[in-house]
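Have a look at the structure below before the remarks.
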Amino acid sequence: MGPEKQEKDQKKDALISELNCRLQNAETELKKYRVFASFFKRYVIMSAIAGAVLAAIIVWLIMTWKRNQEERYMPEKLHDISVDDFTHPDDLAAIQALHNIPAVDRFVSNIEDQSNQIIIRMTTLGSCVRLTDANAAHVCEIVRNACDIIGYGQMPEIYTRRAYSLDVFPSGVERPVIVIPDLALRTLNDDLLYFTVGRALTRFKSDYLKFYLVAQLMITSSSIFPVVSDVVKLPLVGWMRKSELTADRGGLLVCQNYKAAMRFLMCKAGMPYKETAQVSIPDYIEASQTSNTLTRAGKEAKTVLSSTGWINDRINELFLWYAKGSYDDLLEEYL
């Protein structure tokens with residue numbers, strides 16, 4: 001082997017060694033880039049997901065804020081308003097007819113007996129929890145404001161109970177009590193709570209809470225009283241149904257939000273709460289009027305048989321009272 005060939009082999013080996021070294025360096029750099037690319041890809045994906053979630057939260061917050069701005073405002077105090085100012089004519093006629101039945105007044109007077117009041121209080125509150133500023137400050141504030149709005153001077157005791165209902169139940173002749181079902185507290189916004197609390201306070205502010213309590217007991221707890229003749233029971237329960245129309249007016253005057261009042265009654269009719277925000281009230285009124293084809297005798301019968309008066313009738317009556325301007329006239333007079 002000559003010197004020249006030996007020199008060539010050395011150069012060749014050096015070149016191969018250098019190429020191998022560069023190849024190893026390239027592979028090392030490529031691994032680094034692959035790690036970086038993988039990290040960057042995950043970062044981009046996570047950022048996109050986080051951005052989408054954040055955007056959805058922002059949209060939800062904006063929609064909630066807009067809905068609250070559209071629906072909620074603080075109702076104003078009505079100065080010296082009386083239930084007589086907005087009593088429904090059917091309610092007035094029914095209570096006058098009750099006074100013409102001597103047995104009714106004698107029977108209702110029994111509720112003033114102290115022992116009966118204790119029984120009624122125990123029956124009403126036996127499965128309830130007391131709400132105070134310590135455990136339900138916002139609810140107490142709504143009730144306190146509602147009392148101030150409608151001019152009812154005695155703050156009632158507030159209770160809640162497990163019940164599949166949206167109606168606030170008033171009780172107590174000498175010690176006013178309202179029972180708010182847990183479903184109402186979990187479902188309704190403030191405006192709808194003002195409406196249903198206002199309905200209960202209308203009962204207190206009127207002069208006929210005793211009649212209402214006796215009629216309720218005839219339906220829910222008939223064992224408290226002896227067997228009552230239909231001469232007493234049917235007129236009393238029939239009046240209670242018609243008094244719902246006055247209570248609805250009182251609820252609207254307290255919440256001062258026509259849409260909220262209609263949403264509450266549509267919920268009572270069975271419509272899901274969230275869906276009521278999208279329903280056209282005129283369309284609903286038209287549909288309910290079309291389906292209301294009973295005769296006068298049929299309407300009187302259904303008034304007695306239904307548990308709280310037929311909801312579509314109550315919606316129609318409140319709509320007519322609002323549409324003819326009576327609600328606005330009262331606000332203008334008493335605000």
Side-chain angles (χ1 to χ4, degrees), residues 64 67-68 71-75 123-150 152 155-172 176-205 209 212-213 216 219-220 240-241 243-279 306-312 314-315 318:
T64 302
R67 184 167 59 250
N68 290 338
E71 294 183 359
R72 289 200 62 237
Y73 61 93
M74 185 63 187
T123 304
T124 303
L125 305 181
S127 299
C128 296
V129 177
R130 178 81 181 268
L131 299 182
T132 65
D133 287 320
N135 60 11
H138 187 61
V139 175
C140 293
E141 181 184 9
I142 288 176
V143 175
R144 193 176 297 110
N145 291 340
C147 289
D148 187 56
I149 291 165
I150 203 170
Y152 181 66
M155 176 74 174
E157 297 176 17
I158 308 169
Y159 289 82
T160 187
R161 68 181 175 190
R162 177 76 67 179
Y164 193 75
S165 173
L166 298 175
D167 290 311
V168 174
F169 178 72
S171 183
V177 170
I178 61 172
V179 180
I180 308 177
D182 70 306
L183 180 65
L185 293 177
R186 290 185 286 106
T187 304
L188 304 180
N189 66 15
D190 285 1
D191 287 334
L192 275 69
L193 279 175
Y194 271 111
F195 177 78
T196 187
V197 169
R199 295 185 74 260
L201 295 179
T202 300
R203 301 285 189 188
F204 286 124
K205 194 173 173 66
L209 179 62
Y212 175 76
L213 293 177
Q216 280 281 4
I219 299 170
T220 60
M240 185 186 72
R241 308 306 186 212
S243 71
E244 298 285 355
L245 304 175
T246 299
D248 289 338
R249 293 179 176 185
L252 176 55
L253 287 167
V254 169
C255 78
Q256 298 173 18
N257 186 327
Y258 171 68
K259 184 177 180 181
M262 285 300 188
R263 285 187 68 188
F264 179 89
L265 293 176
M266 284 189 282
C267 287
K268 287 280 294 177
M271 185 169 291
Y273 171 73
K274 292 182 179 179
E275 300 299 325
T276 58
Q278 311 301 326
V279 172
S306 62
S307 62
T308 56
W310 281 18
I311 300 300
N312 282 344
R314 289 170 55 184
I315 291 175
L318 191 61

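All residue numbers refer to positions in the sequence shown, counting from 1.
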Check your understanding: For R249, which residues count as a side chain to side chain donor-acceptor pair (under 3.5 Å) partner, sequence neighbours excluded?
Key -> none

Practice item. Output, in order, the C-alpha distance, side-chain angles, deciding distance and verdict of side chain to side chain contact (heavy atoms under 4.5 Å, CB included) for C147 and L201. Key: CA-CA 7 Å; C147 289; L201 295 179; 3.8 Å; yes

Review point. Would D133 and R144 pass as an ion pair if we require N to O under 4.0 Å?
Key: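 Between R144 and D133 there is a salt bridge, with a charged N closer than 4.0 Å to a carboxylate O.
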
Point to revise | Test: K259 and D191 ion pair at under 4.0 Å | key: no

Review point. So how far is it from L252 CG to R199 CZ, rounded to the nearest 0.5 Å?
Key: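 With rounding to 0.5 Å, CG (L252) is 11.5 Å from CZ (R199).
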
Practice item. Measure the OG-CG distance between S243 and L209 for me, rounded to the nearest 0.5 Å. Key: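 Nearest 0.5 Å value for the OG-CG distance: 10.5 Å.
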
Considering residues at least two apart in sequence or located in another chain, which fulfil the side-chain contact (heavy atoms from CB on, under 4.5 Å) criterion with [X]?
| X | answer |
| --- | --- |
| A163 | R161, P181 |
| V279 | M266, M271, Y284 |
| A200 | V168, P170, I178 |
| R130 | T132, E157, Y159 |

Check your understanding: Residues two or more places apart in sequence or in another chain: which of them pass salt bridge (Lys or Arg N to Asp or Glu O under 4.0 Å) with D182?
Key ->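 Counting only residues at least two positions away or on another chain, D182 forms a salt bridge (Lys or Arg N to Asp or Glu O under 4.0 Å) with R162, R186.
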
Check your understanding: Should the ring pair F264 and F195 be called parallel, tilted or perpendicular, given that the plane angle runs from 0 to 90° and is split at 30 and 60?
Key ->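 Tilted: the ring planes of F264 and F195 meet at 30° to 60°.
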
Using a 4.5 Å cut-off on heavy atoms from C-beta on, say whether the side chain of [Y] contacts that of [X].
| X | Y | answer |
| --- | --- | --- |
| V143 | L131 | no |
| I150 | L253 | no |
| N257 | Y194 | no |

If you take all heavy atoms of [X] and [Y], which pair is closest and at what distance?
| X | Y | value |
| --- | --- | --- |
| G198 | V254 | CA-CG2, 3.7 Å |
| M240 | R203 | O-NH2, 4.0 Å |
| F204 | P156 | CE1-CB, 4.4 Å |
| L265 | L318 | CD1-CD2, 3.9 Å |
| R263 | A277 | NE-N, 3.7 Å |
| A184 | L193 | O-CD2, 3.9 Å |

Check your understanding: Can you list the steps and then say if L188 with L166 is a side chain to side chain contact (heavy atoms under 4.5 Å, CB included)?
Key -> CA-CA 8 Å; L188 304 180; L166 298 175; 4.2 Å; yes

**Study point:** N/O donor-acceptor pair under 3.5 Å between N145 side chain and E141 backbone
**Key:** yes

Review point. With distance as the sole test, does T160 use its side chain to make a donor-acceptor pair with the main-chain N or O of I180 at under 3.5 Å?
Key: yes

Revision key, fill the gap. In D167, I315, N312, T196, the residue satisfying side-chain contact (heavy atoms from CB on, under 4.5 Å) with K268 is D167

Practice item. Please test V179 against S171 for side chain to side chain contact (heavy atoms under 4.5 Å, CB included), starting from the C-alpha separation and ending with a verdict. Key: CA-CA 8 Å; V179 180; S171 183; 5.9 Å; no

